[in-house]
Amino acid sequence: MPARFKMSKRGVGQLLRSEMVLREMVRRAEVIKGVAEGIAPTDSGQYQSSFFVRPVPRGGRRRDRAVAIVGNRAPYGAHVEYGTERVRAHHVLLRAAQAGGR
């Protein structure tokens with residue numbers, strides 16, 4: 001006789017908000033941060049040292065799951081990531097997330 005499984009939406013929600021899932025999201029974010037620091041341009045060093053990880057117990061579009069955010073606090077961080085009309089985009093966080101989020 002095949003095994004049967006009945007999913008509990010409440011149980012899945014509790015799992016997605018659990019401390020265990022939050023710890024795993026932070027672990028993956030720290031890996032991404034490390035990759036970003038390694039590939040970041042190092043003109044002054046401020047950009048490279050301004051990466052951060054922020055755990056968010058209730059994040060996502062619907063605020064129903066644990067997430068961790070990787071960002072950069074340098075005042076010109078968006079210009080490095082997306083570029084300007086005079087400077088090409090480096091896409092540091094994009095490339096780091098593609099390479100290191102496992």
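Remember, it's a predicted structure, so these values are computed and weren't measured experimentally.
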Rounded to the nearest 0.5 Å, how far does [atom2] of [Y] lie from [atom1] of [X]?
X	Y	atom1	atom2	result
His79	Glu85	NE2	CD	10.5 Å
Met20	Met25	CE	CE	10.0 Å
Arg65	Ser18	CZ	OG	12.0 Å

Common cluster, Ile39/Val80, ILVMFWY with side-chain heavy-atom separation under 4.5 Å:
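Linked, Ile39 and Val80 end up in one cluster.
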Close side-chain approach of [X] and [Y], heavy atoms under 4.5 Å:
X	Y	result
Arg58	Arg17	yes
Arg27	Arg23	no
Glu81	His90	no

How far apart are the closest heavy atoms of [X] and [Y], and which atoms are they?
X	Y	result
Ala36	Val92	O-CG1, 3.6 Å
Ala99	Val35	CB-CG1, 4.4 Å
Gly71	Leu93	CA-CD1, 4.2 Å
Val67	Gly59	CG2-CA, 3.8 Å

Donor-acceptor pairs are to be reported for all side-chain atoms of residues 47-57 against protein atoms at under 3.5 Å, with residues two or more places apart or in another chain.
residue, atom, partner, partner atom, Å
Gln48, NE2, Glu37, O, 2.6
Ser49, OG, Gly45, O, 3.1
Ser49, OG, Gln46, O, 3.2
Ser50, OG, Gln46, O, 2.6

Tell me every residue that passes side-chain contact (heavy atoms from CB on, under 4.5 Å) with Arg63, counting only those two or more places apart in sequence or in another chain.
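With neighbours one apart ignored, the set is empty.
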Remaining members of Phe5's ILVMFWY cluster at a side-chain heavy-atom cut-off under 4.5 Å?
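Noted: Phe5 shares its cluster with Met7, Val12, Leu16.
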